[in-house]
Each structure stands twice: as C-alpha cells, then as structure tokens.
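Working notes for the structure below.
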Amino acid sequence: MKYAARKILMLLVTMVIVSFLAFLAFSLISGDPATAMLGTEATPEKVAALREELGLNRPLLAQYGTWVLGFFTGNLGTSYSYRMPVSSLIGQKLPLTLALSLLSFLLILVVAVPLGIRSARQSESRLDGVHTALNQLFMALPPFFTGILLTWLFGILLHWFTPGKFPIFSEHPGLFFWNLLFPAIAVAIPRIAMTVRMLRSTILHEMNQDYVRTAISRGNDRVGVLYRHVLKNAMAPVIAFLAQTMAEVIAGSIVVEQVFAVPGLGRLLLASIGNRDWPVVEVIVVILAFWVVLANTIGDLLSQRIDPRLRLGGDAR
Amino acid sequence: MLEIKDLHVKFHSREREAVSGVSLTIRNGEILGLVGESGSGKTVTAMSVAGLLPRRSCDYSGSIELDGTELLHADRTLLRKMQGKEIGVVFQEPMSAMDPLMKIGEQVGETLLLHHPEISSEDRYYCALAAMREAELPNPEDTYGRYPHELSGGMLQRAMIAAAIISRPKLLLLDEPTTALDVTIQAQILELLKKLNREHGISMLFISHNLNVVRKLCSRVAVMQKGILVEEGQTEDVWENPHHPYTKRLIAAIPTRTKKEAPDHDKF
C-alpha cells in the first residue's frame with residue numbers, strides 16, 4: 001500500500017512538472033495571445049484591454065495556477081480559432097478518442113495473450129517459421145495503412161460500414177461501436193503482433209527455468225506447469241510492455257481517426273496546430289501526457305502485485 | 001524397493017554416454033549415497049528415476065522399477081501419478097528450484113493439490129504447515145505466506161524438503177541438496193534427513209560429490225565415474241578399504257582435520 005501511495009504521489013508530481021513545462025513552452029512560443037485573437041483588428045488599445053481581460057498582465061506563475069485549476073473547474077480558456085471554451089471543445093472530442101483507444105487496447109489484450117500462449121506451445125511445430133514471418137509482417141503494418149485497407153475492403157467493397165460518416169453515440173450506440181471497431185483493429189494489429197512475440201519469448205524463457213523441473217517432479221502436466229507457474233512469471237515483464245502499449249495506442253488512435261473520419265481529438269489537434277490555436281494544443285498535450293503517465297503507473301502497480309520482489313523498498317529497478 | 005538395471009542414457013548432443021550400464025538397488029528404508037565428480041552421470045541417473053529425462057533429446061535403455069512398477073519406459077500419465085506422490089525430489093539450488101512468484105506454503109502443498117484434489121484447501125493448508133514443521137522450518141504460519149526471495153538458502157531447502165515429503169513418498173531423491181549451503185546449515189539438513197528416514201522409513205538416494213558428507217548419512221555408497229559404476233558397498237567398508245583407484249583418489253582428496261592454530265587473518 002505504501003508503494004501504491006508513493007506511485008500515485010509520483011504521478012501527481014510528474015503531472016505538475018509536465019503541465020508547467022507545457023504551459024511555459026506555449027507561453028514562450030505563442031507570442032501575444034491578445035494580438036493573435038484580434039488579428040487584423042488589433043489596435044494598441046484593444047490589445048491592452050484584451051490582455052487585461054485575459055489576465056496576461058499577471059505573473060506567469062499565477063497564470064499557470066489559474067490554468068491548472070481549470071482542469072478541475074473546466075475553465076481552460078478560450079480557443080482563438082473556434083471562439084469557444086477549450087473545455088467544451090475538447091469535452092466533445094475526448095470521449096471518442098478514449099473509446100477508440102480503450103477498444104483497441106481491449107482487442108490487444110484478448111487477442112494477444114491467448115495467441116502468445118499458443119505460439120509458445122507450438123514453437124516446435126513445422127509451421128513455426130510461417131507464424132514468425134506472419135508476425136513480422138503484421139508488426140510492420142502502420143495503422144493508417146491498415147486503416148485505408150480496411151476502409152476499402154469493409155467500407156467500399158463489402159459495405160459493412162459507411163466510410164466518411166461516423167455515427168453519433170447518443171443516436172446509434174450499437175452502430176457507433178461497430179464503426180469504432182475498424183479503426184480499433186487498425187491500431188491494434190501491429191501491437192498485437194509485438195505482444196504475441198514478446199509473450200512467446202518470455203514463456204519459452206521461463207520454460208527453461210529450474211522451477212519448471214521442480215513443478216514436473218511434483219506431477220504437473222504441461223498445462224499445469226504453464227498455468228500454475230510459467231504464465232505468471234512470463235506475464236510480469238509483458239505487463240510493463242502492455243502499459244507502454246496502452247500509452248501508445250492513443251497516439252495511434254489520433255492518426256487513424258483521420259482515415260476513418262472519427263471526429264475525435266486527432267482532427268481537433270491537427271487543426272489547432274495548423275491554426276496556432278495554442279490554448280487548445282497545450283491542453284491536449286497535458287491530457288496525452290496524463291494518459292501516458294497513468295498507463296505506466298497502472299502498469300507498475302500491477303507488476304508489483306504480481307511480482308512480490310518489486311515490493312522491496314518500493315523500487316527494484 | 002528401487003531397482004535400476006543396466007541403465008544407459010545417451011544425449012543426442014553428446015558423443016559419450018552419460019550413463020553406461022548402471023545397476024543399483026535401494027532397499028526399503030535405506031539411504032544410498034551416490035558419489036562422483038560433476039559429469040559422472042549421477043544426476044542423470046537420479047533424473048531418470050524421477051522421470052525428468054528429456055526423452056526426446058536422448059536415447060535410453062535398461063529398466064528402473066519402483067516396487068515393481070517400471071518407470072524408465074512408463075508413459076507420461078503413469079509417470080505423473082508417481083511423480084511427487086511416490087517419488088519426491090530435492091534439487092541443488094533451492095532458490096532457482098522454487099517458483100519465485102508463488103508463496104512458499106502453496107509450493108509445499110502443491111503435490112497434495114495435484115495428487116489429492118479431494119482434500120479441501122483448508123486441510124491442505126494444515127497439511128502444509130505440518131510438513132513444514134516436520135522439516136523444522138521455524139514459524140510455519142508466517143513462512144507459509146512468504147515468497148522465496150524472502151527466505152535464506154537453508155530455509156528454502158527445508159521448504160523444498162517439506163514439499164517433497166508432504167505426500168509421504170516411498171523414495172526421496174536428493175540431488176546435492178546441501179552443496180549450495182554453508183557447513184553449519186549443511187549439518188542441520190543432514191540431521192533432518194536422518195530423522196525423516198528414521199521416523200518415516202523414507203528410502204533415499206543421496207547424491208553428492210563429497211564422500212565425507214555421504215559418510216555421515218548413508219549406510220551404503222556407490223561411486224560413479226564417467227557414467228560407469230566403479231564401486232559399491234557399505235560406506236565404512238568403502239571408506240576403510242577402497243578398491244577402485246578413483247575411489248581412493250576421492251578419499252585422498254578429502255582434507256583431513258589436523259589441529260593447527262588458525263592464522264590471525266582468518267579471524268574476523
């Protein structure tokens with residue numbers, strides 16, 4: 001429990017540092033938001049009035065404080081280009097990207113773990129070379145490319161979904177998830193291949209450990225050895241990898257959203273970068289950073305639940 | 001009770017046979033010592049008895065019978081019924097021989113779980129505690145929930161012994177069980193094995209490269225060199241009157257205890 005408390009504290013500290021750096025970086029590169037917002041209508045008087053209104057004359061740290069509190073109160077400033085509150089802008093898009101990321105992560109879990117076990121058990125079969133080659137191929141498939149293929153095959157050829165038209169959750173919840181499934185598959189495929197390969201190699205590694213011989217000497221069959229002993233040991237390093245995967249899946253989702261016309265964070269992020277709409281960009285940066293740190297924290301906590309050796313003093317790395 | 005006849009084992013990856021024509025008998029309630037240097041085939045002999053030979057990567061012939069049941073050529077299903085239940089094994093390195101992510105107590109009770117699934121988990125818990133007490137593990141209730149990395153080598157070896165005797169096997173195979181331990185712990189483990197042999201009549205095959213250790217524990221000893229059994233007999237006879245030159249060299253290699261004043265730098 002002490003370990004968990006320390007991890008959560010570390011998460012908070014990391015987030016404070018990351019958000020401050022993001023805030024600092026964007027206040028340095030963005031120039032004067034007031035001028036940017038007024039554009040061609042900018043006169044010195046109008047700029048000065050808007051600066052006062054936006055609180056830009058206050059010390060940087062005070063501005064940062066107000067901004068960070070905005071993550072809890074919902075007041076994150078106004079977008080330059082959309083002229084609407086950043087929080088409502090992101091609030092519409094974020095759930096879509098999160099749903100897509102979680103769906104592809106779920107796919108990775110339910111497909112990769114059984115496949116990895118199977119692949120390890122069949123490592124001596126004649127088809128093993130073919131499987132390895134296939135695995136390499138899937139690993140090399142970039143999500144946007146798979147996305148285009150899937151759109152062509154299932155969208156245009158088979159009409160399983162309508163490309164370019166993404167259903168709204170509140171209107172067609174079933175259709176929403178059905179349409180989300182295709183981009184999720186595109187994101188998941190290379191990660192599934194990587195996880196299968198890693199799990200296979202950790203299982204084969206663990207199979208050569210002395211404790212396996214002990215387990216056999218007690219009368220375990222292959223299944224008993226695998227599920228009672230080897231799998232837990234083999235999963236321990238894979239969990240850290242899955243945490244990374246969960247962190248990276250969101251980046252994959254943002255790219256693939258473009259291919260499938262999913263109105264998620266991806267489009268908003270790209271548009272905002274193009275428009276130099278920094279208030280939007282910096283909030284998205286902090287949200288993505290939070291997702292990555294959160295994924296790793298969960299991974300660490302799970303690893304230490306599985307492997308008691310990591311509980312020693314809280315940091316065995 | 002255990003009868004090994006003309007055992008040959010040859011690994012595909014090696015030129016020479018690991019075991020060539022070994023015949024050995026262990027009588028009921030006896031502790032037989034099997035001595036030899038590393039690579040002499042003593043461990044391979046024991047692994048053949050335990051059903052732990054990698055069958056696909058070696059050729060083997062001969063027979064191994066435990067109370068009339070053939071083990072060497074037995075199919076996997078029969079072998080699994082014997083493993084753990086009739087034959088317990090204790091390995092050299094207790095730390096690596098234990099599953100690092102499983103509680104000590106669960107590992108001790110595993111044989112019961114496998115061979116007596118009808119025993120409730122609560123009863124299994126008490127059986128494990130009893131076995132740990134028998135192996136003289138201090139504080140078994142506390143040790144039950146610990147993980148291997150939290151215990152010393154001697155404690156782990158006691159836990160391994162507890163796991164090996166929990167289902168009252170007829171035969172205990174001990175593959176250099178004290179080699180990885182320091183001398184004091186080694187002596188304690190030997191005493192424990194003697195006690196288990198005396199109180200429960202468990203027959204044992206004790207493998208060691210150290211004749212001196214074997215002499216303290218075993219009534220009979222067999223000596224192996226390069227896969228061949230070179231000498232066999234009552235331990236004291238072999239000790240006093242070795243026939244084979246290899247046995248003579250083994251005995252000569254044991255440092256004798258001459259009383260000398262220990263040099264100062266040895267005292268801490």
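The sequence lines fix the lettering, A, B, ..., with proteins before strands; numbering per chain opens at 1.
- Other residues, nucleotides and ligands place more than 12 heavy atoms under 6.0 Å from the CZ atom of B:Arg55.
- Annotation for B:Glu122: atom CD does not count as buried by contact number, only 12 or fewer foreign heavy atoms lying within 6.0 Å.
- Heavy atoms of B:Leu101 lying under 4.5 Å from chain A belong to its backbone as well as its side chain.
- Other residues, nucleotides and ligands contribute more than 12 heavy atoms inside 6.0 Å of the NZ atom of B:Lys10.
- Top candidate by heavy-atom pairs under 4.5 Å with chain A, chosen from B:Leu114, B:Thr111, B:Leu173, is B:Leu114.
- If you measure heavy-atom distances from B:Leu79 to chain A, you find no contacts under 4.5 Å at all.
- Of the listed residues (A:Gln209, A:Glu206, A:His229), the one with the most heavy-atom contacts under 4.5 Å to chain B is A:His229.
- Heavy atoms closer than 4.5 Å to chain A are found nowhere in B:Arg146, neither backbone nor side chain.
- For B:Arg133, the CZ atom counts as densely surrounded, since its 6.0 Å shell holds more than 12 non-hydrogen atoms of other residues, nucleotides or ligands.
- Heavy-atom distances place the side chain of B:Ala163, and not its backbone, under 4.5 Å from chain A.
- With hydrogens and angles disregarded, a donor-acceptor distance shorter than 3.5 Å links the side chain of A:Thr214 to the backbone of B:Ala97.
- Listed options B:Glu93, B:Arg56, B:Met47 were ranked by heavy-atom pairs under 4.5 angstrom with chain A; first place goes to B:Arg56.
- Using a 4.5 Å cut-off between heavy atoms, B:Pro148 does not touch chain A at all.
- Contact count versus chain A (heavy atoms, under 4.5 Å) is highest, among B:Lys85, B:Lys81, B:Gln107, for B:Gln107.
- For A:Arg309 and B:Glu150, the salt-bridge test fails: no basic side-chain N is under 4.0 Å from an acidic carboxylate O.
- Looking at B:Met160, the atoms closer than 4.5 Å to chain A (heavy atoms on both sides) all sit in the side chain, from C-beta outward.
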Practice task
Determine, step by step, whether B:Leu113 and A:Arg228 satisfy the side-chain contact (heavy atoms from CB on, under 4.5 Å) criterion, reporting the C-alpha distance in whole Å, the side-chain angles of both residues, the deciding distance to 0.1 Å, and the verdict.
Solution key: CA-CA 11 Å; B:Leu113 174 73; A:Arg228 200 167 294 119; 3.7 Å; yes

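- Counting heavy-atom neighbours within 6.0 Å of A:Glu124 CD, excluding the residue itself, gives a total of 12 or less.
- When all heavy atoms of B:Val89 and A:Ser217 are compared, the closest pair comes out as CG2-CB, 3.8 Å.
- Counting non-hydrogen atoms of neighbouring residues, nucleotides and ligands closer than 6.0 angstrom, the CZ atom of A:Arg197 reaches no more than 12 such neighbours.
- Rounding to the nearest 0.5 Å gives a distance of 7.5 Å between NZ of A:Lys232 and CG of B:Asp99.
- Using a 4.5 Å cut-off between heavy atoms, B:Glu106 does not touch chain A at all.
- When every heavy atom of B:His115 is checked against every heavy atom of A:Arg218, the shortest pair comes out as NE2-O, 3.0 Å.
- Shown here are the salt bridge (Lys or Arg N to Asp or Glu O under 4.0 Å) partners of B:Glu86, two or more places apart in sequence or in another chain: B:Lys170.
- If you check the side chains of B:Glu110 and A:Asn220, you find a donor sitting under 3.5 Å from an acceptor.
- For the residue pair B:Gln83 and A:Ile216, the shortest heavy atom distance occurs at OE1-O, 3.2 Å.
- What you find for B:Pro100 and A:Pro308 is that their closest heavy atoms are O-CG, 4.3 Å.
- For A:Arg118, the CZ atom sits in a loose shell: 12 or fewer heavy atoms of surrounding residues, nucleotides or ligands are nearer than 6.0 Å.
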